[in-house]
Each structure stands twice: as C-alpha cells, then as structure tokens.
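We use all heavy atoms of the structure for the numbers below, so side chains are in, but hydrogens, waters and symmetry mates are not. The model shown is predicted, which means the values in this text are computed figures rather than measured ones. Order of appearance sets the numbers: ligands from 1, and atoms from 1 within every ligand.
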Amino acid sequence: MTAPEIINKVKNLPPISQAALKLVNLLEQAAISNDEIVQVIKCDNVLTAKLLRACNSPYFGLDEPVASVDQAVLMLGHQQILHIVLTLAFGSAMVVPLPGYAVEANELWRHSLLTATAAEIVAADAGDLNVDLPVAFTVGLLHDIGKLALSQAITPEVQGEIRQCIEQQGCARTEAETRILGTDHAEVGACLLKSWNLPEEILEAVANHHHPVCHPRPRLSVIAHMANCLAHLAGSAPGWDAFAVRVDPQAVAALELDQMRLEGLVVEVRSAFERVDQFMNMA
Ligand SMILES: [Fe+2]
Ligand SMILES: [Fe+2]
C-alpha cells in the first residue's frame, strides 16, 4: 500500500479545526502578529470557546477572567496562546486508543505533547538552525499522527506481522512497517498533513523524524528526531516497542550535542512532564 492509499482508506479521523490549520500555515511567516492570530481564532466559535475556558482554568491562575480572544492573547502572550490552540485542535483527534500500537487512549497524546515541548527545548538550544519555537512545537505535536491513520487502516493480522518483524528480527518500527506495508507511519503522517495543506517544512520534519536529513544542511526533521528521542529517553514510552528508539549520531552532530548536554536535555524534558499533564486536561 502507498501512503495516499492508506489515507484514502481511513474515514474516521476526527475533523481538525480549519482555523488551527490556518494558524499552522501562518507560523511560516517570519513575524506573525497578535492581531493575525486573533483574527484566525475568532473565525472558529468552538475553538474560541474552548480557548477561553482553558485560559480561565486554574492552571494559568489569572487574576481577572479572560472574556475575549484579544484579551487572552494580550494576557498570556501569543506563544502560550498558540500552545493552547494547537493542543486543543489536535488533542481531540489524538485522544483515542491505537490497538495496533498497544497504545492506550491518551498515551500517544501524552507522548506527542512531551515531544512538542522537547522540540521547543531542542530548537531553543540549537539557535544556529533558526527554527521558530511554535513551528518546533507543532512538529513535535504532529510527528506520530500517521499512527492514527495506520492503526485504522490495517487489520490485527497485519499489525501482528509488524510486531513479529520488530520482536523476532530486531527491526526498527519504521523498517518493519515498510517491509510489511510498503510505507511507514512517518510517511503516512506527512501525507495526512499534506491533505490538510500544511507547510512543506512541517511535512519534511514529520516524514523524516526517524531518518533526519542532516546534509547539505540540517532540516527541521533533525529537531523532530531529537525531540522524539528525548521524549522516549525521558520516559514517555508509547507502546510495547518504545525501547526501539535509536538516536541518529548525525543528528547529534548536526545539533553539536555532547554527552553531557544530551543528558541535560533529557533532564529538562523530564521536568516538563507535569506541565504536559496539565495541558492534557485542557483538550
Ligand atoms: Fe514515530
Ligand atoms: Fe514518537
């Protein structure tokens, strides 16, 4: 099967807010203004209502209740608002059990949020790559979204074959998926995001998060790869094959990380667990 065939087969993916998709496209611009963010969010009533409820939750501990999107952006700043909106928009799609991955409901979601947080940490650390933090967050959030589509498109027997390939032949998950299906969750994820018209750089990062592109210059997939590895190393382990994560030495070199810095990043990501749990309750 090809990735587009799998996407065509999947009928049950929850709809994603068009406003949130538009916002992800806007992130590509060099400087996105508060006003632009407000205008986009306001077009979606449901998203607006959820955003206001989230802003008024005890997590943010605001003195005054927030009554409008404009106020929310002013009080929390646009980076925080983007976090909330993306979390709300994609969370409902991801909080589902994925039987093919032995991943419980919420587990993929927790892993995705932790990877999003890790991606921001890696991007901030790798200043030379010049990656906007909200773009890094988005990529982390969406990197494994192909698992949603795959788990709905393939039968339990096929899932069993993939598992056997990993357990008995020591394949990495993406290798096993490619051998049995002809495509893998990274490619399927990028194909799904393409059908949502998301920007090319985000597709690249999702498509290559297990095989980051480091030459001739490191691409966004290097950040996605390292963030995913850090989320695993920090203990977010979705599914029975979670141990199978392999850190690409070329990505480590591209990010100029040594052992000590890598360990420091794992500690930073681990300390984000609590924040991630709070965010999960928001979606
Ligand atoms: Fe993955
Ligand atoms: Fe992952």
Side-chain angles (χ1 to χ4, degrees), residues 3 6-7 10 86-87 90-91 93-123 136-154 159 162-163 165-166 171-194 198 202-213 219-248 251 265-266 269-270 272-273 276 279-280:
I6 287 177
I7 297 300
V10 177
L86 296 171
T87 302
F90 294 106
M94 282 200 230
V95 184
V96 291
L98 302 185
Y101 287 85
V103 171
E104 302 299 324
N106 282 338
E107 217 182 314
L108 176 70
W109 184 222
R110 176 178 278 111
H111 169 67
S112 302
L113 272 172
L114 193 66
T115 306
T117 306
E120 278 198 329
I121 293 171
V122 175
F137 185 87
T138 306
V139 159
L141 203 61
L142 300 177
H143 77 288
D144 271 340
I145 199 157
K147 288 183 179 178
L148 274 184
L150 265 190
S151 77
Q152 290 187 30
I154 58 181
Q159 288 159 2
I162 295 172
R163 183 169 178 157
C165 196
I166 298 170
C171 289
R173 172 167 275 284
T174 48
E175 268 174 67
E177 287 171 347
T178 305
R179 248 190 233 186
I180 309 286
L181 299 170
T183 184
D184 63 27
H185 71 271
E187 201 182 2
V188 170
C191 187
L192 178 61
L193 300 185
K194 191 171 184 192
L198 292 195
I202 290 183
L203 305 189
E204 185 281 324
V206 170
N208 298 316
H209 74 269
H210 288 285
H211 303 284
V213 177
R219 307 231 13 218
L220 193 52
S221 50
V222 171
I223 302 274
H225 175 76
M226 191 51 67
N228 180 47
C229 293
L230 287 171
H232 280 267
L233 293 170
S236 136
W240 49 269
D241 62 335
F243 62 88
V245 65
R246 295 169 191 176
V247 186
D248 187 320
L265 288 175
V266 174
V269 173
R270 196 171 287 149
F273 261 114
V276 163
F279 257 75
M280 281 182 72

Atoms named by residue and atom, protein N, O or S, within reach of the Fe ion (ligand 1) (under 2.8 Å): Asp144 OD1, His185 NE2, His209 NE2, His210 NE2

query: Do the side chain of Ser221 and the main chain of Glu204 share a donor and acceptor less than 3.5 angstrom apart?
result: no

task: For this output row, return yes or no: ring centroids of His111 and His232 closer than 6.0 angstrom.
output: yes

query: With no hydrogens and no angle check, is any side-chain donor or acceptor of Glu120 less than 3.5 Å from a backbone partner on Phe137?
result: no

message: Under 3.5 Å, is there a donor on one side chain and an acceptor on the other for Asp144 and His185?
response: yes

- request: Output yes when Arg246 and Glu175 qualify as a salt bridge under the 4.0 Å nitrogen-oxygen rule, no when they do not.
  value: yes

- request: Verify the distance criterion only: is there a donor paired with an acceptor across the side chains of Asn228 and His209 at less than 3.5 Å?
  value: no

